[in-house]
Amino acid sequence: MHAIFAISVFASIALCSLSLGFTNNETDLANQWFNQMNVELKQLNHEAAEQAWESSTLPTQTAIVEKIIKLTVRKAHWERMMCNRGQRYRDFNASFERTLHLLCRSLRHTDDEIRSMTNLLGYLQGIYTGTQVCVKGSCDDDGKLWQSTFFKYPELESGNYVEPTTNEICLFGEPDMERIMTGETMHQFKQAANCMASDEKILDWAWQSWRLAVGPPVKDSYRQLIDVMNVGARRSGYQDIGEAWRAELEMPNLRGIVNRLWLEVKPLYQKLHAVMRNFLKKRHPEVTNFHPAGPIPAHLLGDMWSQNWDTYAASMFPHEVDIESNFRRSNCSAEKMVRRAEDFYSSMGLPMMTETFWRKSIFKRTENVTKCHGTAANMYNAGDFRMIACAGNAMSDFYVILHEMGHIIYYMLASNQPTIFQEGTNSAFQETIGDTIHIAALTPSHLIRLGLLNSSYLKPDSDGNLNHFDYSLLLKIGLTKIPALPFSYLMDSYRWSLFDGSIKFEIEANNYFWYLLENEQGIQSASKTNRENLFDAAAKYHFPDNTPYVRYFLANFLSFQILEGLCKKSIFGDVRTSQELPLPLHRCDLYGSKRAGRLLEKALKLGGSQHWTFVLEILTGSSEISSRPLMNYFAPLIKMLDSIISDLKLPVGW
Ligand code: X8Z
Ligand code: ZN
């Protein structure tokens, strides 16, 4: 039923575009090729999605890896064959040209390479999701904590996790170790492990032990993976796999754009860094290896990867309203968070989640989740869209849910396109939709709607300026968004250097990683351990998962641009207007704005049928990625940081 429907839609799209220079017979053949390709692609994508879901929800098993290898080989052969057959229709029309561009850009790997890459990836993902850091017996103080620490690795062959025995506490990276780092489960952990060590020692332990657990087993396989990926990339005409990854974004000067954007926002990051450093220095006078004008010890930043500093939002500048505590106190269950997220999207006239979504998604960690990193799945099957979020009760869990739902809304809206266009215009746009709605959901007026804030906080102060709450909110949002900038910038600039060989993997991999972290992020490792032979990048999901990261960097800028566009549309009915918004961007409430929803829908339902510049133009009136809306959004925060820095005479930079 669904396939028949799909065929008729594709046929009408293709037939509308009868092309000059092609006979009727050729036109029929071209349309036949197009329709058949889309139907078969849908089936292949569906099978791949089922396998991916299975491996995220069942322990890694050799049988699944074998099935994945078979399907990946089958899809690679199919793509090549379809691409070759389609070449004769390249000039048929613009849509065919785009179709062939997307279809033919897959890398030309041999079957053996596919086998070896799939095995390596299965192993790497298994290490990340299945490794546990354990403590046995009492851990008393810091020394004992380390003595009683050991690692449990998943039995990758049988797929069985090693169950903890009595007296052992075993923690996965996501979300267990992650939540110790944010402080969320610090108290719980100390009690369970009977730990006397200070919070700072435990943060140091969690930070170090996760890296010691996953880095060494990942390192060699990761190097092998790079080698195989490079062989395929070079056979396909790229210099290396980094160039192939960059091509997906369709920005010819991607490196230049990324460097420019980073330089534009770096001063803002440095200011936030200076104020955070001063705060942490006072909070942790006991940490000796912490210079007041130097990099910040990474384990103090309230996040396993130092990419989100929101943990300290309330204590840095205490305000009578603590949104985070209010949120936690509201006892919002994971499912209720999903309902709230759905409510925001649907208030704008965007689609509600489907019956299958509610039946098949996973919102909390249970035994049948092996992978706990937020995930949105398009199953390529009539309304079957699913989410994985191992949500607790923090606002960061609400973020993950809004983010994943953004992917799903994009999949839903693009699902009327031919299959080849259903992924979205590029990965950065995929990542940005949920982030845009996340910022939109954090306006004071929406927080009031959620029952987290009293309406008196909408009032400007006595001089008609932003009130104190605005600043405290902007700081909270800034602490989640601004540290993500250098982090997402360097995750891929690092990998690009490993991929193109400018950094020698064997001898320089970890030292270069720390060179970047210190220079761009201004953080350092707490311990004096010689890290040269470790592989700390493995501690971040996207490395063993082999997911490119620069998409998140771009998405961060795009989300503020799109927010501004939607806000203009909502208020003036036009994104191109030169009129100034009558309110600061962080107060622009999009909840219930059907105008903004219609604009988003218009852009997203194009899926990948158009180049991203066309989609951005619809949403913002401009086809360039810009840091201006982000800087404009944070302008009041920048003023506040400037005055703190000058009042306290804080050093800036490191
Ligand atoms: O990985 C994700 C999403 C899934 S696409 C949860 N994000 C990045 C991260 O966690 O590091 C979202 C923001 C950045
Ligand atoms: Zn995402």
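Counting starts at 1 for both ligands and their atoms, in listed order.
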Could you grab the distance from atom [atom1] of [X] to atom [atom2] of [Y], nearest 0.5 Å is fine?
X	Y	atom1	atom2	result
H299	I523	NE2	CD1	11.5 Å
L261	N556	CG	CG	10.5 Å
I477	M395	CD1	CE	8.0 Å
Y512	F505	OH	CZ	14.0 Å

Close N or O approach ([X], ligand 1; < 3.5 Å):
X	answer
H403	no
H373	yes
K540	yes

of all protein heavy atoms, closest to atom 5 (S) of ligand 1 is Y552 OH, 3.1 Å
of all protein heavy atoms, closest to atom 6 (C) of ligand 1 is E404 OE2, 3.2 Å
Say whether Y549 and ligand 1 are in contact under the criterion: heavy-atom distance to a ligand atom below 4.0 Å. yes
Does the ring of W245 carry R551 above it, NZ/CZ under 6.0 angstrom from centre and within 45° of its axis? no
Distance under 6.0 Å and angle within 45° of ring axis: R531 vs F513: no
In ligand 1, the atoms that come under 4.0 Å of a heavy atom of H407 are 5 (S)
Sequence neighbours excluded, the answer for side chain to side chain contact (heavy atoms under 4.5 Å, CB included) partners of A313 is D310, K476, L479
Going by the 4.0 angstrom heavy-atom rule, the piece of Y399 near ligand 1 is side chain
With heavy atoms and a 4.0 Å threshold, my read on which part of W305 contacts ligand 1 is neither
message: Atom NZ of residue position K75 - does it have more than 12 heavy atoms of other residues, nucleotides or ligands inside 6.0 Å?
response: yes
Would the distance check show the side chain of S627 and the main-chain N or O of E264 forming a donor-acceptor pair, the cut-off being under 3.5 Å? no
Q | Close aromatic pair by centroid cut-off 6.0 Å: Y128 and F543 | A | no
Sorted by chain and number, protein N/O/S atoms nearer to the Zn ion (ligand 2) than 2.8 Å are H403 NE2, H407 NE2, E431 OE1
